[in-house]
Amino acid sequence: MRKRTSTPTRKILGAAVALATAAAVAAGTGSSVAAPPAPSAASADDRAYVYRIHDGAHADAAALAGFDLIEDRDGDDLFVLGDAGTAKSLKDAGLTASVHEKLAPAVQEAPKRSGQAPSLSAQVAEETYYGGYRTVNAQYAHLDQVASDHSTLATVFDIGDSWRKATGRPGGYDIKAICITKKQSGDCQLSPNSSKPRFLVQAQVHARELSTGEMAYRWIDYLTDGYGSDPTATEILDTREVWVVPIGNPDGVDMVQQGFMGGGSGLQWHRKNANHTHSPYNCSENSGSGEGIDLNRNNGSHWGGAGTSSNPCSQVYKGPSADSEVENQALHDLYRDLFPDTRSGGDTSAADPDTQGMFVTMHSYSNMVLFPWGFDSDVESGNDAALREMGRDMAQLAGGWQYGQPGEILYDASGSHDDYAYDVLGVPSFTWEIGPSGGSCGGFHPSYSCQNTFWNQVKPMLTYAADKAENPYGGGGGDPDPTQCTGTNGDNVAIPDNGSAVTSSITLSGCSGNASTSSKVEVHVEHTWRGDVTVDLLAPDGSSYRLKNASGNDSADDIHETYTVNLSSEARNGTWKLRLQDTARYDTGTLDTWTLTL
């Protein structure tokens, strides 16, 4: 493992930040204009509550300040995560709200270690919680194992310390990153002068957002295990440096995993880091309150503006000053080590058109692709057109997510990582909100089985972002690849026992020409006797292509298969359907997800 040996000089943003913050306060948009809501009183009801704020999109920013707005929006209604006492706080703030959902605490599990393990053994690598999610130590053991198994591809870096470790408190962690590329001389150096375009992926900055760490884990394995056999993974590692920070907030994730392991049910909702030194009183740990500082509101780009709070117990507490947290300082140093500065100051100035690189920070949930500016949707960045086109492409590849500036489709939020990276360096920066807003796979803590669906949506977005890192602003827009068009449908469809056929649709648009002679149909079905099931692909013109026949001799469970089909006679654009039918009695199943690549 390589340790950072020097810290580059920081670019000074003080004047710009001060002016932006002063303007926000003067305009009444910052959290300083009104006292934040008081923390909710302790309640015997320890369930988490989701409140619907009616017409919240038009509410005054000061009234919303301090509430834990979750990544969901329905028309003009916003949603807040809180506890039983949050109802009074919402009313006191002049907001009209109703209970949308009550969430029961997670079933408790046997506790596992807290704090960094002295030895990251194979046993440590198997530590999981809540059905399969990896602990911080398991993620770190995985990084070491990947670097050992793929020494010509992967290098692990210690880029800094968590707050607990930096301050000598028990339970702290290193913050780790991995560089993945087909290594040549000069690769994987902590210097912005790279010979290969770079793509940085960051996960679990918000501790409770479990799916994001899993997506980082799978991305690492896809690239390293696929090198030499998967053409896309091979091309990426031959021509790019991919960097991954799987856990950006290890102290916070430690608190969450302890919340699932008997350490108090309120901890499972922890969002922030562990720095409690700015609390004038102890903050209760529950769905509406918690110790720490929100790392995604602490960045020094328009720090202290809309969507932040001065209340240390608030889940969106901005911290005592911009960039105050050691986790963010470590991440910022990494950004500067990877990407040269290609953008001058000013909200509307553009980065150099020859900028290389790509940055994605993964969050959850609501199936959204967000890009700067987040602090105010009325302000467009100098690269808005290119960012918007890339956001559209990513959303299409995911199967039809929403895309836009945060305030356009969600709410304004200041001091975020994607705003910071774009502001300071000019690198195209995106936030992905992974997972649906409702249903069995919705929320911060979906069943681990939902990760297969999420991965099939996120994987094509990741490969696209890696490809765009070479020339993100120069080409921008259009179909992600003129020779390829991809879509995914992750909605579950029940397959009735010995019943009628069922279908699932993917609509493609903006693609050119006809499909490939080697088009791919990736199918994931849960079924207790897969031999009962026939699978067909229906083209937009009604033509049918048999992918799988029924077979009475195939008694195995499930279908996880990628079928190659000659679809060169079919136009890409239009509505494609996957048709499945159970042809025998006694067994049932569910279509989990499918992906079409033409």
Side-chain angles (χ1 to χ4, degrees), residues 46-50 70-72 79 81 100-112 126-136 138-139 142 203-204 206-219 221 246-247 253 255-263 265-271 287 362-368 398-399 401 432-459 488-495 504 522-528 557-560 588-595:
D46 64 354
R47 290 174 295 180
Y49 281 67
V50 178
I70 59 179
E71 289 77 1
D72 196 7
F79 297 85
L81 184 66
H100 178 71
E101 189 177 7
K102 297 179 183 179
L103 307 174
V107 176
Q108 297 293 293
E109 303 175 8
K112 296 181 174 65
E126 299 303 316
E127 283 187 354
T128 62
Y129 63 103
Y130 196 48
Y133 293 100
R134 275 81 177 188
T135 65
V136 181
Q139 287 272 9
H142 175 244
Q204 265 193 294
H206 282 159
R208 67 194 181 193
E209 297 171 7
L210 308 185
S211 296
T212 67
E214 177 67 18
M215 293 301 99
Y217 191 104
R218 295 190 184 203
W219 175 231
D221 280 353
I247 304 286
V253 175
M255 295 169 75
V256 170
Q257 69 193 36
Q258 295 307 310
F260 282 102
M261 297 176 183
S265 61
L267 284 171
Q268 68 174 320
W269 303 107
H270 191 78
R271 166 184 171 109
S287 54
M362 296 192 290
H363 287 256
S364 65
Y365 51 92
S366 278
N367 290 347
M368 293 177 177
W401 287 10
W432 295 349
E433 298 286 355
I434 299 168
S437 59
S440 60
C441 287
F444 296 121
H445 306 147
S447 169
Y448 185 72
S449 63
C450 297
Q451 300 306 311
N452 290 334
T453 297
F454 299 167
W455 173 241
N456 284 300
Q457 296 172 325
V458 170
K459 175 185 169 184
T488 297
N489 190 329
D491 295 335
N492 292 348
V493 177
I495 305 170
S504 174
E522 183 178 347
V523 179
H524 296 275
V525 172
E526 296 180 10
H527 199 282
T528 49
D557 291 342
D558 305 333
I559 301 169
H560 299 291
T588 61
T590 302
L591 171 63
D592 186 18
T593 182
W594 70 290
T595 298

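The analysis underlying the following values was restricted to heavy atoms, covering all of them including side chains, and did not include hydrogens, waters or symmetry mates.
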Checklist entry - Hey, which of Glu126, Glu214, Gln257 is the one that makes side-chain hydrogen bond (donor to acceptor under 3.5 Å, both in side chains) with Arg134? => result Glu214

Checklist entry - Taking Asp592 for the side chain and Val525 for the main chain, is one N or O donor matched with an acceptor at less than 3.5 Å? => result no

Checklist outcome for this item: Scanning both residues in full, the closest heavy-atom pair of His142 with Asp221 reads NE2-OD1, 2.7 Å

Checklist entry - With a 4.5 Å limit on heavy-atom distance, are the side chains of Arg208 and Arg271 in contact? => result yes

Checklist entry - Can you name the closest pair of heavy atoms from Ala203 and Ala216 and give their distance? => result CB-CB, 4.0 Å

Checklist entry - Parallel, tilted or perpendicular for His206 and His363, by the 30°/60° rule? => result perpendicular

Next on the checklist: With heavy-atom distances below 4.5 Å as the criterion, would you say the side chains of Val523 and Leu591 are in contact?
Outcome noted: yes

Checklist entry - If you round to the nearest 0.5 Å, how far is CG of Asn492 from OG1 of Thr590? => result 6.5 Å

Next on the checklist: Main chain of Asn489, side chain of Thr593: is a donor-acceptor contact present, judged purely on distance under 3.5 Å?
Outcome noted: yes

Checklist entry - With a 4.5 Å heavy-atom cut-off, do Trp401 and Ile434 have their side chains touching? => result yes

Checklist entry - Roughly how far, to the nearest 0.5 Å, is NE2 of His527 from OG1 of Thr588? => result 6.0 Å

Next on the checklist: Minimum heavy-atom separation for Met255 and Leu267, please, with both atom names.
Outcome noted: O-CB, 3.4 Å

Checklist entry - Between Ser211 and Met362, is any pair of side-chain heavy atoms under 4.5 Å apart? => result no

Checklist entry - So which heavy atom on Phe454 is nearest to which on Cys441, and how close? => result CZ-O, 3.4 Å

Next on the checklist: For Thr488 versus Thr595, what's the shortest heavy-atom pair and its separation?
Outcome noted: OG1-OG1, 2.9 Å

Checklist entry - Given side chains that start at C-beta, do those of Trp432 and Met215 come closer than 4.5 Å, heavy atoms only? => result no

Next on the checklist: Using only atom types and a distance under 3.5 Å, with no angle test, would you say the side chain of His445 pairs donor to acceptor with the backbone of Gln268?
Outcome noted: yes

Item to check | Side-chain (Gln204) to main-chain (Val253) donor-acceptor, under 3.5 angstrom | outcome: no

Checklist entry - Does a side-chain heavy-atom distance below 4.5 Å link Pro446 with Tyr365? => result no

Next on the checklist: Could you check whether any side-chain heavy atom of Glu526 comes within less than 4.5 Å of a side-chain heavy atom of Asn452, counting everything from C-beta outward?
Outcome noted: no

Checklist entry - Nearest heavy-atom pair of Gly490 and Thr453: which atoms, and what distance? => result O-CG2, 3.5 Å

Checklist outcome for this item: d(Leu81 CG, Glu101 CD) to nearest 0.5 Å is 10.0 Å

Next on the checklist: Tell me whether the rings of Tyr133 and Tyr129 are parallel (<30°), tilted (30 to 60°) or perpendicular (>60°).
Outcome noted: tilted

Next on the checklist: Please verify the inter-ring angle class for Phe444 with Trp269; under 30° counts as parallel, over 60° as perpendicular, anything in between as tilted.
Outcome noted: perpendicular

